[in-house]
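Naming convention: chains lettered A, B, ... in sequence-line order (proteins, then strands); numbering from 1 in each chain. Note: hydrogens, waters and symmetry copies are ignored here, and every other heavy atom, side chains too, is used.
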Amino acid sequence: MIHSLFLINSSGDIFLEKHWKSVVSRSVCDYFFEAQERATEPENVPPVIPTPHHYLISVLRHRIYFVAVIQSEVPPLFVIEFLHRVVDTFQDYFGVCTEAAIKDNVVVVYELLEEMLDNGFPLATESNILKELIKPPTILRTMVNTITGSTNVGEQLPTGQLSVVPWRRTGVKYTNNEAYFDVVEEIDAIIDKSGSTITAEIQGVIDACVKMTGMPDLTLSFMNPRLLDDVSFHPCVRFKRWEAERILSFIPPDGNFRLLSYHVSSQNLVAIPVYVKHNISFREGSSQGRFDLTLGPKQTMGKSVEAVLVSSQLPRGVLTANLNPSQGTYTFDPVTKMLTWDVGKINPQKLPSLKGTMSLQAGASKPDENPTINIQLKIQQMAISGLKVNRLDMYGEKYKPFKGIKYMTKAGKFQVRT
Amino acid sequence: MDVGFSSLRSEAVGAMRMALVSAENLQLTLKPEPSQEEQALTHNKSSIKETHKAGNEDLKEMLESNKESLKLEAMKRVVGLISKGKNASELFPAVVKNVASKNIELKKLVYVYLVRYAEEQQDLALLSISTFQRALKDPNQFIRGSALRVLSSIRVPIIVPIMLLAIKEAAADLSPYVRKTSAHAIQKLYSLDPEQKEQLIEVIEKLLKDKSTLVAGSVVMAFEEVCPDRIDLIHKNYRKLCNLLVDVEEWGQVVIISMLTRYARTQFTSPWKEGATFDENNDKAFYDSDSEDKKDTTEAKPYIMDPDHRLLLRNTKPLLQSRNTAVVMCVAQLYWHVAPTQEVNIVTKSLVRLLRSHREVQYIVLQNIATMSIQRKGIFEPYMKSFYVRSTDATHIKTLKLEILTNLANEANISTILREFQTYVKSQDKAFAAATIQAIGRCATNITDVTDTCLSGLVLLLSNRDETVVAESVVVIKKLLQTQPTQHSEIIKHMAKLFDNITVSMARASILWLMGEYCDRVPKIAPDVLRKMAKTFTAEEDIVKLQTVNLAAKLYLTNSKQTKLLTQYILNLGKYDQSYDIRDRTRFIRQLIVPNEKSGALNKYARRILLAPKPAPVLESSFKDRDRFQLGTLSHSLNTKAAGYQELSDWPAVAPDQSVRNVEVIEPVQEWAPSVGKTKKSGKPKSADKFYSDDEEEKEAEGSESSKDSSSSSSEESGSESEEESSEESEKTSSDSGKSSSGSEKSSSESESEPKKKKKTKKAPQKKSKSPAAFSDSDENGNGPVAQASSSSAESSSGSETDSEDSDPPATPQKKKKKDVKSKPKAEVKSKVEVSLLDLVDFSPAPTNAPKSSVISSSLLSDLEGLSLSNISSTMQVTTPSFGPVKTYELLHHMTGKGLSAKYHFPRQPCLYEPSMVAVQVILTNSSDHSLEEIHIGERSPAGLNIHCFNTIERLEPEASVTVSMGIDFSDSTQAAHFQLCTKEDQFSVSIQPAVGELLMPSSMTEQDYSKEQGKLLGMNETSATITMATANTSRLAISKQVLSVCNVGEVPSSQNTVHRFAGRTVNSGALVLVCLELKESSTALLTINTEKSVMASMLLRDLKQPLVQA
């Protein structure tokens, strides 16, 4: 399946290569560079590139291209999913997945890649199995290892590898048993010029951090499970139980994991938490443009809207923007033409606004499109769909865990067309 | 060096030959001579040193030092070199010596190195082989596995026989991990030496029979790589693979599903021709049902759809919920290629969900949706808005979304789509804007209603400032006009006016072509355009020149008076053009149109040739022809056949023999039954409160067993058919009236004449309760979730009581009271739920019974006394148990209890404090290093819980322990008693969860009394199941031992040898619990429990079944 892997940084250097079968020359990446040149933006490089003898499948994460070399037919998503899993693992191990981090830990990276694939077929991708095989590097452990000569590499087959719950280690022990669940919902919306909603939907995830001793068996139930239209589970969730009772029943992995991601059924009207009043205009013949933007809370159920960040890709003709924010700060990058306004919290009494002028390139004609405004925001302690966790029970262990749940709403791909 | 090498080589080759005879021998030959190896290596190294003066000297020295840490450091640097793609092959001899190192990390890094360079240094690599051979016999499975992994990764042809031997051995290894590794090694060996194919197929065949989920994915992968055409190997394993699928790791799932897709296409008949394959009756039952599971119940009918075909679809469906996008896509393509047309739409939702994932995932998924949406518009139409383009999408994502939107366009939604397109046209991303214009063109041709609207919209775009937009519009307009040119001379004129401003050659050429084609509609303008072109002819692009020549020729034919000179001028220019295409064209046109003596006959037809009506171009999706590839494949994504792509065959006209999939040996089906979610029985901690899941699985296993039976034997089929039908009917009625599904079970059991299906008989008596059977049944028929979605069990059990009320009048008064009693706790639960909305207060689980306050239960008791306990025979009295094995449970672990640990057991003595309490003995131990003071019981929950606490223990010395007695009133429910165990400093929340058998006390009675009481507790109060007894358990002693270990009951003397009776009373309410075990032939037995506490009965039944069935 996967023949080789090349890691390429944003400046086009191959800084790591790994082969699982016979060695493929790195000159195969030339085809990738060609495609990269043709693409105007880094995102536009096609994920699948055919070359005379190989196929290159790449993903772009953290400004690093992970290019897998394939020799024969394989589902492309298989490779893509695996590459993303590799990135996730790196992030899990090193905290960040940057070129520097990978170079610093090249031995661990190599050991990991060796365990993750055997002859190009995934072998161990479950994070807790990998962590038993290769312990993540920490400063303390590195020091201990240099002194005692012990290693980061496990000598036994990870217990999870053979068990029916491969995602959980045996013999987990904590003094404080705790389980935290974050219900995070994102609103994807497109708002048109006049402020009416073109499309809006809610996607949510439940991220969990479970630190519990032994083999706890948890059930989580919702007040209103019917809201969930489409769900995908961590493998630990018992599907039959969900089908029959709409209860999440699972033996959790140890540590952080994504329990569930869901889509809220489209029948429900989506509350749009903010409105945008905008007046962005360019006059014909003049080299000036007006920019006027006001934000206000809309349907927030009494919660305050925080961490608001407005960004907009201004037309190419704009040279500078001279704006005046009523709160927060704004930046305008004259090269990428990206305008960002860090608003912060919206105060309903005093609505934040950004007003001023833009100056256009001399002689440039009036841009025929107004920029789209992207908004990010956060609302704490509320899931916009109204989803509520009813209760969390634990079976199988005797202790009483500390349980916590947090709700949050964010803007996902929230765009306002002007 | 040469001498050293060749001697080394001959020695190694000799060793290899011997290995053919026996691997052991080889070890012997290599092992005793390490010094010689060492010598050879040092020799090599020194000679390399001379030739390469590279900076790797220090590394070599480090590798040869005696210090492990130095070696490790050196290896880490070597791996760094490899990762950068630098050549480190010269270090080979120094590195390979460390292959037998004790340090595991060092060893692993050497492996990495070895695998990378062994191909280049084959002779030296051979030196490491004996180490691996030794490791292959290591007792540690991990070491065996890794050794095989590395051994098989060394691409040295000479060791092929050794590899083959190792693979064969590993394929029979006890550890599934090693077997998995051997499956991987098969592929490696095959790529190294394809001639071993036959031998490898044998190993594959063997491994395909493997029952471990770990192996399944890898061996199918090997199968796909080595012998994808040997579909006959799959037959016998087909059902196993289908059933194992949920538990296989996700990557294996992808491989297995793709393989099974191909398998299904060759082995089953097409489900797409409904009319031909389904007779009407079945058809209706099939498609009217909205849940997939329900179809399974009708499986026994003589369907043309092979039950195995259905099995595949059913077992893959849950995987649509996988977090792995590749798995979801794979299931989607399976449904697309294999499922009946009506069922394909269940995958759309999941596919749309994947669009939330990473950009690359979106790209692939959108490609597949594009292909699907051409053939099946309808299934994606509800999700149209998910394909709206966002300004932040990458260009290729945008184009794909556009493609899909265009495919989805129909009369109903076209206005919405066009409005959306208007926004896209204005996009800053001009390539995307151009693509949008093409999309508008396609919509305009596909939907005639909007052609005019689109056309006028496109004409407006002609005044756009951006050239690419204008050019694209011209091209699209040209195509549109061609379809209906009659009314559009205005547009052609408008375009002629724009001609001067347009510089994009494609657009200019399009306008010229339009002028020529419709020159009769614009007779005045066309010659003028030609005049302008004559001026700029030399500076134009080739494509424009060609169209100019065409225009000139057409005008010459229609309007030679005005254009004769112009045409000749242009033809002269063309004659000397640099491009031979244009020179050719010019020469051809001249001969064709200008009459002279040589031109001959063709000249007469010039008009008909050049001005022939031309068919309008069809604007088609670029994904039109992609459906020739299997969805989700690389070939589909690239739209060319990738290496190794396997065509999906067409459905066979006649299904091949189905019986090939029958497995002769009856396998323990339970093992392969789809488990709940992803967990298996064995992996589940067995606690009393999770009483349903186990049973559910067993039921299911039985279910699949019976369906297997019915598919193979036709005599049973007809019987089960009528049964299924009646149960279906009743299901309908019960769900219509909004009641729980228990009604249906009753009627289905009534329709049965004899206990042919054991599970049905078991179900029937349980209908009053929310029993395990009710659970699993609802699983099957899909009605369950509605009735049981609420977590309050009291609700559903009272619901089912209402149900039975109608059918069973004599029992009414008693039950009505019970229902009244129960409605109160239900309200209680509700209010508590409300409290816990905001924060997760620890909330005691109420798995079976709603919490009852003691007041309620006592009133219930009096009611019951009035009704059924009035004539209890005086001979019955509660006795103390004869014996009982004591099970100890942990209450508090010393880790959590800061040194205080507590264990408890049920002594099975009548409680001294209050008769309604269950006695519990708690052993408190102080395992800390200081003494603990004031150990007592603090807060308890639920609040009404009646606990008799032990007296406060003033002081507990380190390492000392004390046993105290408590009494707890569980109110005859298995609900846990929560309380706090407090010391002077700390408080620990603990809970005691009684097993249902502990809520009883033994009662002694005569056989007559027993039968009399049993006679009163029939019908609703009887729960029974047929079990298969373990042979060890059939003796009287063994049975009573097993039963008494589970529940605290007394044995009733029995006159029959095959019937064993036990009696007990619940501690709190004193309700009778009668257990009867009737042995039948061939080690089956009927286990019956009679009691009015039906919930208890079903739990007890489950608890009892387990030890009796177990060997």
Chemist: Under 3.5 Å, is there a donor-acceptor pair between the side chain of B:Gln367 and the main chain of B:Ser637?
Modeler: yes

Chemist: For B:His893 and A:Tyr399, I'd like to know if the aromatic rings sit close, meaning centre-to-centre distance below 6.0 Å.
Modeler: no

Chemist: Tell me, for B:Arg359 versus chain A, whether the close heavy atoms (under 4.5 Å) come from the side chain, the backbone, both or neither.
Modeler: side chain

Chemist: Is it true that a side-chain atom of A:Tyr55 and a backbone atom of B:Ala643 form a donor plus acceptor pair closer than 3.5 Å?
Modeler: yes

Chemist: Examine whether an atom of B:Glu225 lies under 4.5 Å from a heavy atom of chain A, and if so say whether it belongs to the side chain, the backbone or both; otherwise answer neither.
Modeler: side chain

Chemist: Just so I understand: if I count every heavy-atom pair under 4.5 Å between each of A:Val106, A:Thr372, A:Asn176, A:Val59 and chain B, which residue has the most?
Modeler: A:Val59

Chemist: Taking 4.0 angstrom as the limit, do A:Arg85 and B:Glu250 come out as a salt bridge?
Modeler: yes

Chemist: Would you mind telling me which of B:Pro318, B:Ala394, B:Gly644, B:Ser991 has the largest number of heavy-atom pairs within less than 4.5 Å of chain A?
Modeler: B:Pro318

Chemist: Answer with side chain, backbone, both or neither: which region of A:Val45 has an atom nearer than 4.5 Å to a non-hydrogen atom of chain B?
Modeler: backbone

Chemist: Against chain B, work out which of A:Asp192, A:Asn177, A:Leu60 has the most heavy-atom pairs shorter than 4.5 Å and name it.
Modeler: A:Leu60

Chemist: For B:Val255, is it the side chain, the backbone, both or neither that has a heavy atom under 4.5 Å from a heavy atom of chain A?
Modeler: side chain

Chemist: Flag the one option from B:Leu891, B:Thr640, B:Thr423 with the top tally of heavy-atom pairs under 4.5 Å to chain A.
Modeler: B:Thr423

Chemist: So which residue, B:Arg116, B:Glu120, B:Arg149, B:Lys84, ends up with the most heavy-atom pairs under 4.5 Å with chain A?
Modeler: B:Arg149

Chemist: If we define contacts as heavy-atom pairs under 4.5 Å, which of A:Thr213, A:Val107, A:Leu113 has the most with chain B?
Modeler: A:Val107

Chemist: Under 4.5 Å heavy-atom distance to chain B, tell me which part of A:Glu186 shows up: side chain, backbone, both or neither.
Modeler: side chain

Chemist: Between A:Glu245 and A:Arg238, does at least one N-O distance fall below 4.0 Å, as a salt bridge requires?
Modeler: no

Chemist: Considering only heavy atoms, which portion of A:Leu314 lies under 4.5 Å from any heavy atom of chain B: side chain, backbone, both, or neither?
Modeler: backbone

Chemist: Determine the option with the most heavy-atom pairs under 4.5 angstrom with chain A, choosing from B:Arg419, B:Gln187, B:His184, B:Lys385.
Modeler: B:His184

Chemist: Let me know if A:Leu16 has heavy atoms under 4.5 Å from chain B in its side chain, its backbone, both or neither.
Modeler: both

Chemist: If we define contacts as heavy-atom pairs under 4.5 Å, which of A:Ile198, A:Ile14, A:Thr175, A:Asn374 has the most with chain B?
Modeler: A:Ile198

Chemist: So, A:Asp188 and B:Arg356, do they make that salt bridge, N to O below 4.0 Å?
Modeler: yes

Chemist: For A:Glu126, is there an ion pair with B:Arg323 - N to carboxylate O distance below 4.0 angstrom?
Modeler: yes

Chemist: Considering only heavy atoms, which portion of A:Arg61 lies under 4.5 Å from any heavy atom of chain B: side chain, backbone, both, or neither?
Modeler: side chain

Chemist: Could you look at A:Glu81 and say if it's the side chain, the backbone, both or neither that has a heavy atom under 4.5 Å from chain B?
Modeler: both

Chemist: Main chain of B:Ser357, side chain of B:Gln362: is a donor-acceptor contact present, judged purely on distance under 3.5 Å?
Modeler: yes

Chemist: Non-hydrogen atoms of chain A under 4.5 Å away: do they reach the side chain of B:Val365, the backbone, both or neither?
Modeler: side chain

Chemist: Heavy-atom distance under 4.5 Å to chain A: side chain of B:Val389, backbone, both or neither?
Modeler: backbone

Chemist: Would you call B:Lys641-A:Glu73 a salt bridge at under 4.0 Å N-O?
Modeler: no

Chemist: Based on non-hydrogen pairs under 4.5 Å, which of A:Ser22, A:Ser58, A:Pro50, A:Pro371 is most in contact with chain B?
Modeler: A:Ser22

Chemist: Under a 4.0 Å threshold between the charged nitrogen and the carboxylate oxygen, would B:Lys108 count as salt-bridged to A:Glu115?
Modeler: yes

Chemist: To the nearest 0.5 Å, what is the distance between CZ on A:Phe78 and CE on B:Met329?
Modeler: 15.0 Å

Chemist: Is it the backbone or the side chain of A:Phe82 that comes under 4.5 Å from a heavy atom of chain B, or both, or neither?
Modeler: both

Chemist: Side chain from CB out, backbone as N, CA, C, O: work out which of these in B:Ser350 comes under 4.5 Å of a heavy atom of chain A, or both, or neither.
Modeler: both

Chemist: Taking B:Val79, B:Val328, B:Leu892, B:Thr395 one by one, which has the highest count of heavy-atom pairs under 4.5 Å against chain A?
Modeler: B:Thr395

Chemist: Would you say that A:Asn119 contacts B:Ser153 through its side chain, given a criterion of any heavy-atom pair below 4.5 Å between the two side chains?
Modeler: no

Chemist: Using heavy-atom distances under 4.5 Å, tell me whether B:Val361 contacts chain A through its side chain, its backbone, both, or neither.
Modeler: both

Chemist: Looking at chain A, which one of B:Met221, B:Gln646, B:His636, B:Glu68 has the largest number of heavy-atom pairs inside 4.5 Å, strictly under?
Modeler: B:Met221

Chemist: Once you round to the nearest 0.5 Å, how far does CG of A:Asn390 lie from CZ of A:Phe222?
Modeler: 10.0 Å

Chemist: Using a cut-off of under 4.5 Å on heavy-atom pairs, state which of A:Gln313, A:Lys21, A:Lys103, A:His19 scores highest against chain B.
Modeler: A:Lys21

Chemist: Can B:Arg353 and A:Asp230 be counted as an ion pair, charged N to O under 4.0 angstrom?
Modeler: yes

Chemist: Keeping the roles fixed (side chain from A:His234, backbone from A:Cys236), state whether a donor-acceptor pair exists under 3.5 Å.
Modeler: yes

Chemist: B:Tyr645 versus chain A, heavy atoms under 4.5 Å apart: side chain, backbone, both or neither?
Modeler: both

Chemist: Can you tell if the side chain of A:Val79 reaches within under 4.5 Å of the side chain of A:Ile70, non-hydrogen atoms only?
Modeler: yes

Chemist: Which bit of A:Trp242 comes within less than 4.5 Å of chain B, counting heavy atoms only: side chain, backbone, both or neither?
Modeler: neither

